[in-house]
Amino acid sequence: MLVRMVAFSAHVRQWRDDKPGGLAVVDIPAALVADLGGRRQMRVTGNLNGTPFTGSTMLVAGGGLCVGVSKAALAAANAVVGDQVQLSITPTSS
């Protein structure tokens, strides 16, 4: 299976609405999931609004996939929950 970098634009959202200030995530478009190697948890590297970051994907109920974005990565990319951001991500080899 070929695994490659994917690039997309999406909104940053809270992982859980009942935990304000908690984990922020960006949903990966369904059409790009296969290019990342399928719907599974994995470490990724990439750029968030042009700023390098690392994160992990997580399975979303109902069949989706998202990538977690740390508060530090959001700050470095000058983004907050609710913003539309540009991402490019690639699974890491480990």
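Basis for what follows: all heavy atoms, side chains included, without hydrogens, waters or symmetry-related copies.
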Can you tell if the side chain of [X] reaches within under 4.5 Å of the side chain of [Y], non-hydrogen atoms only?
| X | Y | result |
| --- | --- | --- |
| Thr54 | Thr92 | no |
| Val25 | Val67 | no |
| Ser88 | Phe8 | no |
| Leu36 | Met42 | yes |
| Leu65 | Leu59 | yes |
| Val33 | Ile28 | yes |
| Val80 | Val12 | no |

Notebook entry, point to check: Can you hop from Leu32 to Val85 via hydrophobic side chains spaced under 4.5 Å?
Noted result: yes
Next item on the list: Using atom types as modelled and distance alone, determine if a side-chain donor or acceptor of Arg39 lies under 3.5 Å from a backbone N or O of Val60.
Entry: yes
Note to self: For Gly46, is there any backbone N or O sitting under 3.5 Å from a side-chain donor or acceptor partner on Thr90?
What the structure shows: no
In Å and rounded to the nearest 0.5 Å, what is the [atom1] to [atom2] distance from [X] to [Y]?
| X | Y | atom1 | atom2 | result |
| --- | --- | --- | --- | --- |
| Leu87 | Asn47 | CG | CG | 8.5 Å |
| Thr57 | Ile89 | OG1 | CD1 | 7.5 Å |
| Thr51 | Gln86 | OG1 | CD | 12.0 Å |
| Asn49 | Asp83 | CG | CG | 8.0 Å |

Check: Looking only at side chains, do Gln41 and Ser56 share a donor and an acceptor under 3.5 Å apart?
Finding: no
Next item on the list: Identify the heavy atoms of Gly68 and Phe53 that sit nearest to each other, and give their distance.
Entry: O-CE1, 4.2 Å
Checklist line | Least distance between heavy atoms, Ala73 atom then Leu48 atom | finding: O-CD2, 3.7 Å
Next item on the list: Can you sort out the partners of Asp27 under salt bridge (charged side-chain N to carboxylate O under 4.0 Å, His left out), two or more places apart, ordered by chain and number?
Entry: Arg13
Note to self: Using the rule given for side chain to side chain contact (heavy atoms under 4.5 Å, CB included), can you reason through Leu23 versus Val69, listing the C-alpha separation, both sets of side-chain angles and the distance that settles it, and then say yes or no?
What the structure shows: CA-CA 7 Å; Leu23 179 64; Val69 182; over 6 Å; no
